[in-house]
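In listed order, ligands and their atoms are each counted from 1. All residue numbers in this chain count up from 1 along the given sequence.
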Amino acid sequence: MAEELPGRSRRVVEALERVGARGAVRELPASTRTAAEAAAALGCEVGAIANSLVFVADGRPLLVMTSGRHRVDLALLAERLGRGRVRRATAEEVRAATGQAIGGVAPLGHPAPVETVVDTALEDYPRLWAAGGTPHTVFPTDFDELVKMTDGRPVAVN
Ligand code: 5CA
């Protein structure tokens, strides 16, 4: 139940409720810190894991919800977004932008909205799993819901 989840996940639960998302956040005994671990814990394809990767684009945080089956092509992403430089955020920058730690970053529930891109590769999977605010929490969603909850821009990132 939501009351038993860690504080960072309760923020995510509240944010999901505000946007009317259907999937419940659940805490797993196994680590879901990486896409491979999450896929193993859930018994799903690694591509159906929606990783929350934080970048810094021209000095501003950018969240890229990325299929676990591949990496973000930073040069391609910068070109498609019309940005100059896109780089990986540091652990401190991730925490500042999201209020969450690497391995548990959720698509929402952040201190302030973060500009978000959603990898169109995630359209290939009817059921996606995203992190719920900690490295042991996940929730189910789908591509359309993920775009809606993040006010995200669909982009092919690889
Ligand atoms: N809980 C899973 C998805 S359910 C999860 O959060 N996956 S993740 O891919 O979004 O987060 C782990 C990722 O953080 C790693 O795959 C890696 O891409 C990234 N990461 C790991 N260390 C660092 C670091 N020092 N700086 C920036 N990113 C990092």
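Ranking the protein heavy atoms by distance from atom 5 (C) of ligand 1 puts Arg33 O, 3.2 Å first. Annotation: atom 24 (C) of ligand 1 to nearest protein heavy atom, Ile102 CD1, 3.4 Å. Nearest protein heavy-atom contact of atom 10 (O) of ligand 1 is Ser52 N, 3.0 Å.
The N/O atoms of Val138, backbone and side chain alike, include none that comes under 3.5 Å of an N/O atom in ligand 1.
The shell of residues lying under 4.0 angstrom from ligand 1, judged by heavy atoms, excludes Pro135. Within the 4.0 Å heavy-atom cutoff, Thr90 does not count among the residues contacting ligand 1.
The nearest protein heavy atom to atom 15 (C) of ligand 1 is not closer than 4.0 Å.
The backbone N or O of Thr90 lies less than 3.5 Å from a partner atom in the side chain of Glu93, making a donor-acceptor pair.
Residue contact check: Ala89 has heavy atoms under 4.0 Å from atoms 26 (N), 27 (C) of ligand 1.
With respect to the salt-bridge test (charged N to carboxylate O, under 4.0 angstrom), the residues Arg10 and Glu4 do not qualify.
For atom 28 (N) of ligand 1, the nearest non-hydrogen atom from the set Arg88, Glu93, Glu92, Gln100 comes from Arg88.
Considering every non-hydrogen atom in both Arg88 and Val54, the closest pair reads CD-O, 3.8 Å.
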